[in-house]
Asker: 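Got a structure for you, written out below as structure tokens; questions coming shortly.
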Amino acid sequence: MRNFTLIVIVIISTNQVGGQLIRYTLSSTSTTVSALIDMFYQLPIFSGPFRVAEDIISSGRGAITSLSGTVIHALGGHLPTLINKTILKHFDDIVADYHAGLGNEDITLSIEKIIEKYNHKVEKHFVTTEDQYCLTLFRIPNKGPAVFLMHGLLGSSDDFVVAGPEGGLAFLLTREGYDVWMGNARGNKHSKQHLILNPSDAIFWDFSWHEIGYYDLPAMIDYVLASKNTSSLKYIGYSQGTTTFFVMTSERPEYNEKISAMIALSPVAFMTKVRSPIVRLFTPGTPLIYYITKIFGIREFLPDNNLIRSLKFLLCGTLPLAEILCSNVIFLFTGFGYEQLNVTNLPVLYGHMPAGASVKQIVHFGQGTMSGDFKMFDYGYFNLKLYGNKEPPHYRLYKVVTPVYLFYSDEDWLAHPDDVEKLYSSLGNAKEMYKVPFEPFTHVDFIWGKDVKTLIYEKLKTILLSH
Ligand SMILES: *[C@@H]1O[C@H](CO)[C@@H](O)[C@H](O)[C@H]1NC(C)=O
Ligand SMILES: *[C@@H]1O[C@H](CO)[C@@H](O)[C@H](O)[C@H]1NC(C)=O
Ligand SMILES: *[C@@H]1O[C@H](CO)[C@@H](O)[C@H](O)[C@H]1NC(C)=O
């Protein structure tokens, strides 16, 4: 372990290839293999009383020794690098900005307190789904039409306010007169309740984004429509908040007419070109990765386990910048770019996310990168019994007839332009693909970028007004 650390540091400080740093380290150092094996052996899953773990170890000496290759393969041939020369050049600024942000009280304030602090009313509402999960919605009430905001993977309603009164989408919309409602998916910190089940039960976590789209969104949307006594609302989804929308409107097409327009910020449905290392690691492409996802089982995705720590180390190295930029699991999922990253505001983001998700959500995304299709959860052997077919069914995207606007960018690790294009041509009523006119725009920049106002919100406002 110590050797490996040293080598990474030496190479980071001498190598001039920028983006290739970590790839170079991985493919050229034999120490890496044993370091990786050590890391995985330290995972509780290998020391715990799991039969499958024993199976791997007894049958799979070969599998274990090819582990580093397996990880790299799972990551699409190479590891994307988060801390490269560009970022290193700004080392001093990043450290200074981050420290300047540490005094911000919004780090620990609740979403309600933040909204009140910036002089808006806030309401909290509770909804119970058909399958008895208890969800929380936050509302910034206003006279105008209802806009429903849905967060991404590991996110929550907080994501639309933590950028502050200038950058937060919820604040922008309320200033425009909209009645802003923010949903929270089952399993996140605001919606970790069930009428019967307890979050400490494994079965509480037996859901993926399919159930969020099938049960949570309809329950929340019906609630908003009933409260407003209106027949439709506008929907803005971010990342998984778009995936769940496509599940809802394809599986329960009657919900199409309840949405007058849908804006998809970084739409995720087809995932053939996903670059996110964590999603790719949960891709059941090799026996070992398959077993890892099996052994992780159905439970909450806990962001501080060894696998995540190892990834942080592989993607970001050990410099102090790694602590600032890669200590939050969100960035290991999404990547980031220095251009749009408001480092001063990072402590606030870190205070509010990750907000919780199930392992099954991530595995379901991983399956999408494997199959290249937008399909229901793959239960393998049990598909036949559950779906009446060996393969899980496709989501019938042609049934999505709500007018949909797709916002995407080149540098997005999760929504690749090719995948967005495929989505565009599969949807029943896609209106427009809007490419953000700023090349290094990354996944998180869609809601937290420094220039969201000009790059995203201006366009978004125009679309909302036209529906
Ligand atoms: C709801 O709206 C309908 C018309 O759209 C109206 O007839 C009805 O009285 C309203 N109900 C309430 C409770 O405001
Ligand atoms: C470093 O990463 C940024 C994205 O964060 C990218 O725009 C830039 O081109 C990369 N620089 C190098 C030298 O690879
Ligand atoms: C960056 O974050 C700080 C602190 O939250 C905030 O005051 C500032 O306005 C933000 N800058 C931009 C360009 O959004």
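In listed order, ligands and their atoms are each counted from 1. Index from 1, following the sequence. If you're wondering where the values come from, they're calculated on a predicted model, not measured in any experiment.
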Asker: List the residues meeting salt bridge (charged side-chain N to carboxylate O under 4.0 Å, His left out) with K113, not counting sequence neighbours, and say none if there are none.
Answerer: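 Salt bridge (charged side-chain N to carboxylate O under 4.0 Å, His left out) check on K113 returns nothing, list empty.
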Asker: Would a 4.0 Å cut-off, counted as strictly less than, catch a protein heavy atom around atom 12 (C) of ligand 1?
Answerer: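 Under the 4.0 Å cut-off, atom 12 (C) of ligand 1 does have protein heavy-atom neighbours.
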Asker: Give, for atom OG of S358 and atom CG of L154, the distance between the pair rounded to the nearest 0.5 Å.
Answerer: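 Result: 9.5 Å between the selected atoms.
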Asker: Please say whether the positively charged group of R186, taken as NZ for Lys or CZ for Arg, lies over the ring of Y215, i.e. under 6.0 angstrom from the six-membered ring centre and within 45 degrees of the axis.
Answerer: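 R186 over Y215 ring: no.
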Asker: Side chains of S260 and H467 only: does a donor on one sit below 3.5 Å from an acceptor on the other?
Answerer: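 Checked: S260/H467 side chains show no N/O donor-acceptor pair below 3.5 Å.
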Asker: Does the protein place any heavy atom closer than 4.0 Å to atom 2 (O) of ligand 3?
Answerer: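 Given the 4.0 Å cut-off, atom 2 (O) of ligand 3 counts as touching protein heavy atoms.
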Asker: Is the closest N or O pair between K450 and ligand 3 shorter than 3.5 Å?
Answerer: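 Such a contact does not occur with ligand 3.
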Asker: Nearest protein heavy-atom contact for atom 14 (O) of ligand 3: which residue, which atom, what distance?
Answerer: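 Checking every protein heavy atom, the shortest distance to atom 14 (O) of ligand 3 gives N342 ND2, 3.5 Å.
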Asker: For the ring pair H210 and Y395, is the centre-to-centre distance below 6.0 Å?
Answerer: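 Yes - the distance between ring centres of H210 and Y395 falls below the 6.0 Å cut-off.
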Asker: Identify whether NZ of Lys or CZ of Arg in K234 sits under 6.0 Å from the centre of the six-membered ring of Y178 and within 45° of that ring's axis.
Answerer: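 No.
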Asker: Mind checking whether N104 has a heavy atom under 4.0 Å from ligand 3?
Answerer: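 So N104 counts as touching ligand 3.
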Asker: Looking at atom 9 (O) of ligand 3, is any protein heavy atom nearer than 4.0 Å to it?
Answerer: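 For atom 9 (O) of ligand 3 the answer is no, since every protein heavy atom stays at 4.0 Å or beyond.
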Asker: Is at least one protein non-hydrogen atom found at under 4.0 angstrom from atom 5 (O) of ligand 1?
Answerer: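 Neighbour list for atom 5 (O) of ligand 1 is empty of protein heavy atoms (cut-off 4.0 Å).
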